[in-house]
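Residue numbers start at 1 and run along the sequence shown.
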Amino acid sequence: METVTLTPRAQPELYIDAENVTPDAFAGKSAAEIEAIHVHEGNQTQMLGDYFTVSGKGGATAAETRIVINGDVVRVKYLGMRMTAGEIEIKGSADMYVGAWMEGGKIHVTGSVDAFAGTGMKGGDLIIDGNAGNYLGAAYRGDWRGMQSGTIRVKGNAGSDIGTFMNGGTIIIEGDVDVHVGTHAEGGTIIVKGNGKSKIGGQMVKGDIYVFGTIDVMMPGYIYRKDVDLEVDGTKATFAHYEGDMGERHGKRKGQVIYGNIYQKY
């Protein structure tokens with residue numbers, strides 16, 4: 001695997017749209033060719049080399065290309081957008097839309113990310129060592145397709161509206177979350193190892209949400225069914241199982257109604 005290292009020269013005055021910073025776009029290119037790739041600052045089209053020192057070269061394919069971003073890029077959006085393979089390591093924090101609509105490969109952020117990370121994600125692994133902002137793994141505004149496959153793991157806390165319209169994949173938050181988790185979900189798994197607030201699973205018709213800590217307000221559309229012993233992300237424990245959201249229409253499988261599930265750890 002070949003490695004391309006991007007070292008920020010300085011934080012830009014405006015935010016940069018950098019949807020071309022992917023293993024797919026870098027594959028088969030030299031450092032000079034990568035520096036010439038277009039990015040956008042405001043309404044101006046610039047070159048990647050205007051903002052980063054580039055070293056190394058891309059591999060023959062996306063799967064053989066690793067990108068290392070050597071520092072904070074808190075004014076750079078869309079890193080890893082729609083990538084299909086390969087790796088990106090961000091040694092610092094980044095702005096919005098990290099890994100949005102990614103289909104494969106791996107992104108590792110050692111710092112934190114802003115909102116909409118993993119939006120519409122279709123595959124691959126997104127690992128965030130710090131915190132994540134709102135709309136993690138959710139649908140884009142006005143869309144009904146949230147995260148569909150892949151795995152997102154956040155080792156810190158996450159904001160509100162996690163997994164909105166999610167219908168596949170797994171989101172693991174090792175810290176706390178804000179309101180609105182799994183709203184409108186039609187599948188997938190969300191694991192919160194810290195505490196949740198209100199409106200968890202609102203209008204969810206299918207899927208599983210696990211909360212290891214407290215839930216400030218349980219949605220009134222959920223009914224307690226029974227206690228179950230489960231192993232969740234390596235933790236064996238007893239969980240209270242709730243089904244809902246009873247305010248929604250639910251499909252059937254083999255004559256049985258399919259509900260969304262909330263499991264809260266004792």
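When all heavy atoms are compared, the tightest approach of K199 to M219 is CA-SD, 3.4 Å. Scanning all heavy atoms of the two residues, the minimum distance from I190 to I162 falls at CD1-O, 4.0 Å.
The closest side-chain donor-acceptor pair between D216 and S198, if any, does not fall under 3.5 angstrom. Checking N20 against H38 by side-chain atom types alone, no donor-acceptor pair falls below 3.5 Å.
Pairs engaging residues 2-29 under the ring pair (Phe, Tyr, Trp, His ring centres under 6.0 Å) rule: none recorded [sequence neighbours left out]. Counting only residues at least two apart or in different chains, ring pair (Phe, Tyr, Trp, His ring centres under 6.0 Å) contacts with residues 53-79 comprise Y78-Y97. Applying the side chain to side chain donor-acceptor pair (under 3.5 Å) rule to pairs touching residues 163-178 yields R153-E174, sequence neighbours excluded. The side chain to side chain donor-acceptor pair (under 3.5 Å) analysis of residues 102-114, with sequence neighbours excluded, yields the pairs H108-D129.
Tracing side-chain contacts under 4.5 Å through hydrophobic residues (I, L, V, M, F, W, Y), one never reaches W101 starting from M166; they form parts of separate clusters.
Here the CG-CD1 distance, from L136 to I173, works out to 5.0 Å after rounding to the nearest 0.5 Å. For the atom pair CD1 of I107 and CD1 of I88, the computed distance is 4.5 Å after rounding to the nearest 0.5 Å. Rounding to the nearest 0.5 Å places CD of E35 at 9.5 Å from OG of S55.
Around the NZ atom of K29, the shell of radius 6.0 Å holds more than 12 heavy atoms that belong to other residues, nucleotides or ligands. Within a 6.0 Å sphere centred on CD of E231, other residues, nucleotides and ligands contribute more than 12 heavy atoms. For K193, the NZ atom counts as densely surrounded, since its 6.0 Å shell holds more than 12 non-hydrogen atoms of other residues, nucleotides or ligands. Counting heavy atoms of neighbouring residues, nucleotides and ligands inside a 6.0 Å radius, atom CD of E19 exceeds 12 of them.
A distance-only check finds no donor-acceptor pair linking the side chain of N157 to the backbone of V177 [under 3.5 Å].
Residues Q46 and V39 form a side-chain contact, since some pair of their non-hydrogen atoms from C-beta on lies under 4.5 Å apart.
Looking at residues two or more places apart in sequence or on another chain, you find no ring-ring contact (aromatic ring centres under 6.0 Å, His included) involving F52. Considering only residues two or more places apart in sequence or on other chains, N134 meets the side chain to side chain donor-acceptor pair (under 3.5 Å) condition with S160. Residues satisfying the side-chain contact (heavy atoms from CB on, under 4.5 Å) test with T22, not counting sequence neighbours, are D24, A25, M83. Partners of R249 under the side-chain contact (heavy atoms from CB on, under 4.5 Å) rule, at least two apart in sequence or in another chain, do not exist in this structure. With sequence neighbours excluded, no residue satisfies salt bridge (charged side-chain N to carboxylate O under 4.0 Å, His left out) with R82.
The other residues sharing a hydrophobic cluster with F239 are I172, I191, Y210, F212, V228, L230, V232, Y263, where clustering joins ILVMFWY side chains under 4.5 Å apart. Residues I223, V257, Y259 make up the rest of the hydrophobic cluster containing M246, defined by ILVMFWY side-chain heavy atoms closer than 4.5 Å, directly or through other members. Cluster partners of F165, using a side-chain heavy-atom cutoff of under 4.5 Å among ILVMFWY residues and allowing indirect links, are W144.
The residues R225 and E243 are annotated as salt-bridged, a charged nitrogen and a carboxylate oxygen being separated by less than 4.0 angstrom. Between D95 and K77, at least one side-chain nitrogen of the basic residue sits less than 4.0 Å from a carboxylate oxygen of the acidic one, meeting the salt-bridge criterion.
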Evaluate the side chain to side chain donor-acceptor pair (under 3.5 Å) criterion for residues D227 and Y224: first the C-alpha distance (whole Å), next the side-chain angles of each, then the deciding distance (0.1 Å), finally the verdict. CA-CA 9 Å; D227 290 349; Y224 167 78; 2.8 Å; yes

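The side-chain tip of R141 does not point at the ring of F116 from less than 6.0 angstrom away and within 45° of straight on.
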